[in-house]
Amino acid sequence: MRREKLAKLQAEGRDPFAIVTWKQTHHSKEIKENFEALENKDVSVAGRVMSFRDIGKAAFIDLQDRDGRIQVYLNAEGLGDEAYAHIKTWDVGDIIGVEGYVFKTRRGEMSIHAEKMVLLTKALEPLPEKFHGLKDPEIRYRRRYLDLVMNPQVMDTFRKRTLIIKAIREYLDSREYIEVDTPILSTIASGAAARPFVTKSNALNLQLYLRIATELYLKRCIVGGMERVYDMGKNFRNEGIDSSHNPEFTMIELYQAYADYNDMMELCENMIAFAAEKATGSAKVMYQGTQIDFTPPWRRLTMTDSVKEYGGIDFSAVKTDAEAQALAKEKGLEHELKKKLKDCTKGDILNAAFEKYAEEHLIQPTFILDYPTDISPLTKQKPGDPTMTERFEAFVYAREIANAYSELNDPIVQLDRFLQQEREKELGDDEAYTLDEDFVSSLEVGMPPTGGMGIGIDRIIMFLTDAYSIRDVILFPTMKPNN
RNA sequence: GGGCUGCUAGCUCAGUAGGUAGAGCAACGCCCUUUUAAGGCGUGGGUCACAAGUUCGAAUCUUGUGCAGCUCACCA
């Protein structure tokens, strides 16, 4: 039916697809916000026909543009008999241009009294139903364009996404950080515990990996003397998909020379509070019915203290791996451990106890400090305690949103840590860190003491837009094909 | 990967003692000059996700497959 209408239009020499441009002087929202100034003035708008109420010798169209909707009133007096009859053949979903003057209907609806209307694009597929809209999550994600047309909240979320990302850039740029692009394709995917995607260069006849982190390249930039750098972009991890994981996701990593993890904590809480205010107008936001307050300073708690507080286990009294193993057995922690109990260090067991007892309680923004050395191969040890590192993770609503540390810059220790990881890999941990020899040699050139941090941008956006699933903040989430 | 749930008209959803498939909106036709989930009268529209099985007969029961959502595990 719509195809027949299109064919007729083309036969009549008014093919909408032949039109190249339309002069848009106003958007819906600015007309509504400046109604008094614009009343009886001419405007030109464009957008999609969302509903068409034909009442005979007059009709009303709800026109939707980037910012919302505005009603268009049309009749034969304003447009001429022939044009009016023609416009009545248009459909919901069509994209049109309208010129006319601004006025208010009897019911008080701010509207445009049409004087000229042009069909700019014919929609061959009808839109979902106007009242119930589009709900099916599969169609919403697969055909996001329909979701954007039908669900204004979705448009709002993705506009906020842009505001948040801009705010983060603004925050760092104003503090003399340099934004760089590090490689997405490389022969070694390291810098995080994750399996990479594998691809191949035809020209080089070479197996390449998609990056799982930007860390090792950014630290090379610090070695080179950039002092403050960041890379905000996609990482790729070949892992499962759920409501907080997408195989490709946006991450920022930033590094600051002559700083440590305490400086990173301050940067983290201030930057996220800044982004929250820019995007939502407040550092306090509602997330899934719970108020989250990002106002600095956030709570600071060591991992050991968190396990003591929430699990009633005092690891500061545990001296050896054997004692820790006995404790793990007593508390039934074997289940939480990846390795066999006898291969576990005190650090592995502390981390397992943290995940079991403490993590779920971390609703308001909280920094968990001082991670075991065994699970932190790129991190500097704490002065006076080689089993622990100067590392923190930030938690909100029991989810990790940031990971930061005082960077390990001793090339000899770093090589040892990588070799330990290689051994883990041989023991069957296919997510252990891969040795990057060139990175180690960059440390031999000399990296100043440096603080670094990674923040999951999608997760920050989830909290600031009240999104339950990461798919609601990624325009085109990864999906299996369905035919 | 495990468990649970869903898949019926373009959209939102009904539809089991197994018996020729329904509503609202959308579409099509007619009426209506300030409506707004406009209204009134009329009409058309389906490989019930896919495949096999049970049965005289399957949207409905059984098995398998696909996709999706939730959830647990894994993973930061």
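All chains are named by letter (A, B, ...) in the order of the sequence lines, taking the proteins before the strands, and each is independently numbered beginning at 1. Because only heavy atoms are used, hydrogens play no part in the values below, and waters and symmetry mates are left out as well, while side chains stay in.
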For B:rA37, does OP1 or OP2 lie under 4.0 Å from any side-chain N or O of A:K130?
no

Across the strands shown, which category fits A:Y141 at heavy-atom distances under 4.0 angstrom: base, sugar-phosphate, nothing?
sugar-phosphate

How would you label the contact of A:M150 with the nucleic acid (heavy atoms, under 4.0 Å): base, sugar-phosphate, or nothing?
nothing

Look at all strands and tell whether A:R2 reaches a base, only sugar-phosphate, or nothing, counting heavy atoms closer than 4.0 Å.
nothing

Measure CG/A:L127 against P/B:rU12 and give the value in whole Å, please.
13 Å

Looking at every strand, decide which applies to A:A194 at a 4.0 Å heavy-atom threshold: base, sugar-phosphate, or nothing.
sugar-phosphate

For A:S28 and A:D67, does a side-chain donor sit closer than 3.5 Å to a side-chain acceptor?
no

Base B:rU35 paired with A:T105 side chain (donor-acceptor, <3.5 Å):
yes

Only pairs with both distances under 3.5 Å count, Watson-Crick or wobble alike; so what is the partner of B:rA38 in this structure?
none

Select from A:F354 and A:K88 the residue whose nearest nucleotide in RNA chain B is closer to the 5' end of that strand.
A:K88

Measure the distance from OH on A:Y73 to P on B:rU35 and round it to the nearest whole Å.
10 Å

Tell me: CD of A:E129 to C1' of B:rA26, nearest whole Å?
7 Å

Between atom NZ in A:K480 and atom P in B:rU65, what is the gap in whole Å?
12 Å

For the residue pair A:K41 and A:Y101, would you count it as a cation-pi contact if the rule is NZ or CZ under 6.0 angstrom from the ring centre and within 45 degrees of the ring axis?
no

Are A:R107 and B:rU34 close enough that a side-chain N or O sits under 4.0 Å from OP1 or OP2?
no

RNA chain B: A:H113 or A:G133, which has the more 5' nearest nucleotide?
A:G133

By the 4.0 Å heavy-atom rule, please label A:E125 as base, sugar-phosphate, or nothing.
nothing

Quick one: label A:N403 by what it contacts on the DNA or RNA (base, sugar-phosphate, nothing), any heavy atom closer than 4.0 Å.
nothing

Does the side chain to side chain donor-acceptor pair (under 3.5 Å) test come out yes or no for A:Y261 and A:D370, once each step is laid out?
CA-CA 10 Å; A:Y261 79 149; A:D370 300 348; 2.7 Å; yes

Base partner of B:rA68, which must satisfy Watson-Crick or wobble distances under 3.5 Å
B:rU5

Over all strands shown, is A:G456 touching base, sugar-phosphate only, or nothing at heavy-atom distances under 4.0 angstrom?
nothing

A quick test of your reading: do over 12 heavy atoms of other residues, nucleotides or ligands sit less than 6.0 Å from NZ of A:K88?
yes

Applying a 4.0 Å non-hydrogen cut-off, can you work out what A:R399 is touching in the nucleic acid: base, sugar-phosphate, or nothing?
nothing

Considering every strand and a 4.0 Å limit on heavy-atom distances, what is the contact class for A:E400: base, sugar-phosphate, or nothing?
base

Can you see if the side chain of A:R53 gets near the phosphate of B:rU35 - specifically, an N or O under 4.0 Å from OP1 or OP2?
no

Could you identify the nucleotide paired to B:rA51, looking across every strand shown and requiring Watson-Crick or G-U wobble geometry with both distances under 3.5 Å?
B:rU63

Nearest whole Å is fine: how far is B:rC11 C1' from A:E138 CD?
15 Å

Span that lies between the P atom of B:rG24 and that of B:rC72, in whole angstrom
41 Å

Rounding to a whole Å, what distance do you find between A:F103:CZ and B:rU35:C1'?
10 Å

NZ/NE/NH1/NH2 to OD/OE distance under 4.0 Å, A:R391 and A:E393:
yes

For B:rC56 and B:rA73, measure between their P atoms and round to the nearest Å.
48 Å

Charged N to carboxylate O under 4.0 angstrom, A:E125 versus A:R143?
yes

Both distances below 3.5 Å, Watson-Crick or wobble geometry, any strand: find the nucleotide opposite B:rU20.
none

Take atom NZ of A:K104 and atom P of B:rU36, then tell me their distance rounded to the nearest Å.
18 Å

What contact category does A:I139 fall into here, base, sugar-phosphate, or nothing, at under 4.0 angstrom with non-hydrogen atoms?
sugar-phosphate

Any strand counts, and the cut-off is 3.5 Å on both contacts for Watson-Crick or G-U wobble. Which nucleotide pairs with B:rA27?
B:rU43

Given B:rA68, is OP1 or OP2 found less than 4.0 Å from the side-chain N or O atoms of A:R471?
no

In whole angstroms, how far is the P atom of B:rC75 from the CZ atom of A:F249?
15 Å

Please work out if A:D242 contacts a base, only the sugar-phosphate, or nothing of the nucleic acid, heavy-atom cut-off 4.0 Å.
base

Quick one: are the ring centres of A:F354 and A:F395 less than 6.0 Å apart?
yes

